[in-house]
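Start at 1 and go down the list; that is how both ligands and their atoms are numbered.
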Amino acid sequence: MSRSAADALERKRRKLGLLTHQDALLHLPLRYEDETRIMPIARLQPGMSAQVEGEVRAAEVQVRPRRQLVATLTDDTGSLSLRYLNFYPSQRAQLTPGKRWRVLGEVRGGLFGLEMIHPRLVSVEAPLPDRLTPVYPTTQGLQQRTLRGWIRQALATEDLSDTLPDAVRQQWHLLPFADAIRTLHEPPPDADTGALVEHRHPAWQRIKLDELLAQQLALAEARAHRRAQRAPVLPESIDTASLSERLLASLSFTLTAAQQRVVAEIREDLTRPWPMQRLLQGDVGSGKTVVAALAAAHAIAAGGQVALMAPTEILAEQHWLKMHDWLAPLGVRLAWIAGSLGVRQRRAELAAVASGEAQLVVGTQALIQDTVQFANLVLAISDEQHRFGVGQRLALRQKQADHSLTVHQLMMSATPIPRTLAMTAFADLDVSVIDTLPPGRQAIITKLVNNERRLEVMQRIRQAVADGRQAYWVCPLVEESEALQLQTAVDTHATLVAALPDVRIGLLHGRLEASAKAEVMAAFAGGQLDLLVATTVIEVGVDVPNATLMVIEHAERFGLAQLHQLRGRVGRGRAQSVCVLMYQTPLSALARERLRCLHATQDGFAIAQRDLELRGPGELLGVRQSGTELLRFADLVHDDSIVEHARQIAVQLRHDYPEAAQQHLARWARGRADFLKA
Ligand code: ADP
Ligand code: MG
């Protein structure tokens, strides 16, 4: 082979990701061809891939409708046409009448009976293989023959010994690794090819399990690694108990059992010498904010500083107001750091944070920028953590003044994480779940309303306002252009102002100055506005319990999770709330499915599960995709039972067979475990 041809081949090999023999072993077939048997021609059916053997009876070059070579092949049972649209003189010579060939190809029904287009010819002298022939995913210009050669070589030279001890394998009814790999690449003729192609075969199950097991082991290592780090210890004391009690006593409600449980879990973590990394999950309206306040109170009373961060300034400001209401009367010193602060005020706040005078600092992600220096940050709380990237979480760690200590982290999310995702992508975190809503909440009534009935919807707003309630009107999402989105919001606002002269209407969108946003939000929260026309900036966290009507225009354009979040802005008080999803026909099948799901349930968990099925894990996770990107074989939507097995086997291996665990990781994870430590 010439140098450049070899280089080209090497490039193709890299393109397929086949850098090592191990990679070649795990390059698994898409389907199989059966060359182990010869079919009687009479049994051929259109659509079938088959091998027949017979004698060439006739061959001619036809010129109409185009130049082509057509031969007739005959066996004891019947005849078949072989058709070559482009052909070489050598092929013509091969197909001279009287010669016998074995012929492989796909059968189709032609004008004059069955035919194969461009079938492969094999000498009748060649021994019949005793295994099915794999067909691999390939790239342009790379022949199956070449790929098969590489993979056969890998099968011959690689160590296929099992990483799982026999006892474990038998307990879980798993095929040996070597058998699984060989079955996948060279199945026996009687193998269930349907199960192989659909990845249901026990050989596939073993490979998926191995992959998920490697992931679980890597995550377990990441956790162990975290336990080896040091964090500020924040012990329970008279001070911590007293501040928490005073906060609880000042609330207008008592904590639900679920809230009490998660608060206890978090407190427990804070008393440990290793960093907490806890995900606090709770559906919209489940009351995560007060849990954050109690966590902060514990850390502050133990002498540390706490940062509370939100993804948007609107949400951060809401948190600030709430924390201020709750904690300032108890003597806690708060600082507010936002992009919109004036220079002098910002400098003063920064100084208070740097000196340690400010005990609770609230803001957006700007808090983890370099300019903010903390005196003694011990706990970082982030709301809606799925919007925080791994990089930002790392930056947070640098904020602890004693660099040998790692800050405790609490991440709050209203996006319910389906179990399989929780066990995989988030398995390096501890998870606390608030699984019940505060008492007295009524289910939100969700109505699907055709866009043409907007006058009725406006009437509904008038009525709600007359009853002393408030409402949101969410403007349509315009993904193509932010300017257009803004224009739509402005237009909608103008239309509603004209149509509803008795209603006090505010407008909130992403382009407003932060101070203007805060003003509008404060007016709505304070009841000086009845209706808030908004873009999706209100998606997260906004909490105005008197608002009982949510109208979402062009709901068909939004994603499931987003609609669930938006709907969660109502139903926060004791009054009956209604969410009106206005849609424009015709609806795509997917949009119809989303609206149907939202209409059918208010259970965020069920909605997330449906979202996972409709969209796949990548989108659901947003930035933090690391865990799932590593999966090539397993599928989190369909293989949830394997995920569960992998989790249990990982625990078993680490406990009883640590060497096997290391070998397994070495085979599967290679350099990837390090990445997960972030
Ligand atoms: P989310 O979990 O969506 O952030 P919030 O923390 O904003 O929810 O709480 C939603 C509303 O429920 C707030 O008005 C909050 O004050 C109220 N709330 C929280 N916990 C309770 C409780 N145990 N009993 C009654 N109301 C509560
Ligand atoms: Mg919230």
Side-chain angles (χ1 to χ4, degrees), residues 244-245 247-264 266 278-297 308-327 362-364 381-388 410-417 431-444 469-470 472 521-522 524-527 536-548 550 561-575 577 579 602-605 607-608:
S244 299
E245 270 159 31
L247 173 54
L248 286 171
S250 73
L251 296 173
S252 60
F253 51 80
T254 51
L255 295 192
T256 61
Q259 285 170 318
Q260 288 174 16
R261 172 170 44 73
V262 303
V263 167
I266 293 164
R278 188 169 282 279
L279 182 65
L280 172 58
Q281 240 187 284
D283 210 344
V284 286
S286 62
K288 296 183 291 295
T289 319
V290 71
V291 172
L294 283 158
L308 172 59
M309 295 175 296
T312 68
E313 196 150 332
I314 290 184
L315 184 50
E317 171 128 16
Q318 288 230 329
H319 280 333
W320 192 75
L321 292 171
K322 205 155 219 177
M323 294 296 154
H324 200 271
D325 271 2
W326 283 338
L327 294 168
V362 184
T364 61
I381 306 174
S382 45
D383 201 1
E384 298 307 324
Q385 90 77 227
H386 61 289
R387 298 180 178 222
F388 281 84
L410 178 65
M411 292 152 271
M412 305 195 282
S413 175
T415 308
I417 298 162
V431 180
S432 290
V433 183
I434 306 181
D435 48 12
T436 50
L437 294 179
R441 299 276 175 84
Q442 295 188 44
I444 301 167
R469 300 295 175 187
Q470 290 165 283
Y472 298 97
M521 231 15 258
F524 188 66
T536 51
V537 293
I538 63 155
E539 184 189 335
V540 286
V542 171
D543 180 41
V544 180
N546 189 46
T548 56
M550 163 67 64
Q562 209 172 14
L563 288 171
H564 178 62
Q565 288 290 327
L566 286 168
R567 178 170 61 181
R569 296 312 110 212
V570 296
R572 301 186 146 244
R574 287 178 176 265
S577 288
C579 174
Q602 202 180 318
D603 174 355
F605 200 80
I607 292 171

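Residue contacts with ligand 1, taken as heavy atom pairs separated by less than 4.0 Å, do not involve Ile434 at all. Neither the backbone nor the side chain of Asp383 comes within 4.0 Å of ligand 1, counting heavy atoms alone. The proximity of Asp543 to ligand 1, defined as any non-hydrogen pair under 4.0 Å, is limited to the side chain. At a heavy-atom distance under 4.0 Å, only side-chain atoms of Gln259, from C-beta outward, approach ligand 1.
A donor-acceptor pair is defined here as one N or O able to donate and one able to accept, closer than 3.5 Å; no such pair exists between the side chain of Arg469 and the backbone of Ala575. A side-chain donor-acceptor contact under 3.5 Å links Gln442 to the backbone of Arg574. For Gln602 (side chain) and Ala443 (main-chain N/O), no donor-acceptor pair under 3.5 Å exists by modelled atom type.
Residue contact annotation: Gly285 has a non-hydrogen atom under 4.0 Å from ligand 1.
Here is the list of ligand 1 atoms found below 4.0 Å of a heavy atom in Val284: 3 (O). Within the listing of ligand 1, atoms 4 (O), 5 (P), 6 (O), 7 (O) sit less than 4.0 angstrom from a heavy atom of Thr289. Within the listing of ligand 1, atoms 2 (O), 8 (O) sit less than 4.0 angstrom from a heavy atom of Ser286. Numbered from 1 in the order shown, with element, the atoms of ligand 1 that lie under 4.0 Å from a heavy atom of Thr256 read 23 (N). The Lys322 neighbourhood of ligand 1 comprises atoms 13 (C), 14 (O), 16 (O), with distances under 4.0 Å to a heavy atom of that residue. Near Thr254, the atoms of ligand 1 lying under 4.0 angstrom from a non-hydrogen atom of the residue are 22 (C), 23 (N), 24 (N).
Counting only heavy atoms from C-beta outward, the side chains of Leu248 and Leu294 approach each other to under 4.5 Å. Trp326 places a side-chain heavy atom less than 4.5 Å from the side chain of Val290. In this structure, Val544 and Arg569 have side chains that are not in contact, with every pair of non-hydrogen atoms separated by 4.5 Å or more.
Here the options are His319, Lys322, Gln318, the test is side chain to side chain donor-acceptor pair (under 3.5 Å), and the partner is Asp543; only Lys322 passes.
Atom 27 (C) of ligand 1 has its nearest heavy-atom neighbour, among Gly571, Pro438, Pro439, in Pro438. Of the options Lys288, His319, Arg574, Arg441, the smallest heavy-atom separation from atom 2 (O) of ligand 1 is shown by Lys288.
Across all non-hydrogen atoms, the minimal contact from Thr548 to Val570 is C-CG1, 3.8 Å. Listed here is the closest heavy atom pair of Leu280 and Val291: CD2-CG1, 3.6 Å.
Among the atoms of Gly287, some N or O lies under 3.5 angstrom from an N or O of ligand 1.
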